[in-house]
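Read through the structure below, which is laid out as structure tokens, and then see the notes.
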Amino acid sequence: MWPSSVTEAEAVQESLRPRLDLTGPGPLRPSTVAGVDVAYAGDRLAAAVVVLDGTSLEVLEQVTVTGPVAFGYVPGLLAFRELPSLVEALERLTLTPGLIVCDGYGLAHPRRFGLACHLGVLTGLPTIGVGKTPFVGTFDEPGLPRGSWSELRLDGDVVGRVLRTRDGVRPVYVSVGDRMDLETACHNVLALTPRHRLPETTRAADRLCRRALADSLT
DNA sequence: GCGACAG
DNA sequence: ATCTTGTCGC
């Protein structure tokens, strides 16, 4: 049963939020890391999951799924638009990644249950959210050197970090999804960004879902 | 009430 | 997300 209205979807988030495991530290530099992303064209979409070796960052496995868009985009409800296809792609995976890096947010969310949290609860795997643009929360501009960061706060809580992954380049917005802690999440993001602003996982998944979408339209 | 708003 | 040209910089 998938929510068919904004009200229903918000209720689902509220009901799943208690299932998050936010205790203990999350895995630091797991042996395998997965990146997920979705590309759209009208009412069609293509989802991609790419598993990389946590050390060499080489591609170990990749899966794509195409289908119809099942939920319109509503800020705060992105998960209902992307999760159906992403979960299916993850199920077709042979390997079980030690961490999943999502495009978007985790705890830094209006109801503290963004895409990364939702995917974590559904898969039982550690997840983190890496957003490319601000969504919720307030923050100060982090220092210019790579590795500099500032707190992302929402109401009185620290819900994430604004992290500089490249000297003088726009920062990314990191928040915890499930089975992960903020400090470790940032260390993982830095390990995944040896030469680009965005994690190699999201770059690989982005390229793959765009190719899959183009091919599916042929 | 009005505007802003991950991808 | 996607629609779009040229352009600056590593």
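Chain letters run A, B, ... following the sequence lines, proteins first, then strands; residues in each count from 1.
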Under a 3.5 Å distance rule, please check whether A/Asp53 uses its side chain to pair with a backbone N or O of A/Thr55 as donor and acceptor. yes
I want to check something: taking the side chain as every heavy atom from C-beta on, are A/Glu151 and A/Phe139 in contact at a cut-off of under 4.5 Å? no
Send over the distance from A/Asp167 CG to C/dC10 P, rounded to a whole Å. 12 Å
Check whether NZ of the Lys or CZ of the Arg A/Arg81 lies under 6.0 Å from the centre of the six-membered ring of A/Tyr40 and within 45 degrees of that ring's axis. yes
Report yes or no: does A/Thr127 contribute a side-chain atom to a donor-acceptor pair with the main-chain N or O of A/Asp178 at less than 3.5 Å? yes
So does A/Asp140 get a backbone contact from the side chain of A/Ser150, meaning a donor-acceptor N/O pair under 3.5 Å? yes
At 4.0 Å (heavy atoms only), tell me whether A/Arg210 reaches a base, stays on the sugar-phosphate, or touches nothing. sugar-phosphate
Nucleic acid footprint by protein, nucleotides 2-7 of chain B - heavy-atom cut-off 4.0 Å, B for base, S for sugar-phosphate alone: ---BBB
Reading DNA chain C from 5' onward, which residue's closest nucleotide shows up sooner: A/Arg166 or A/Leu213? A/Leu213
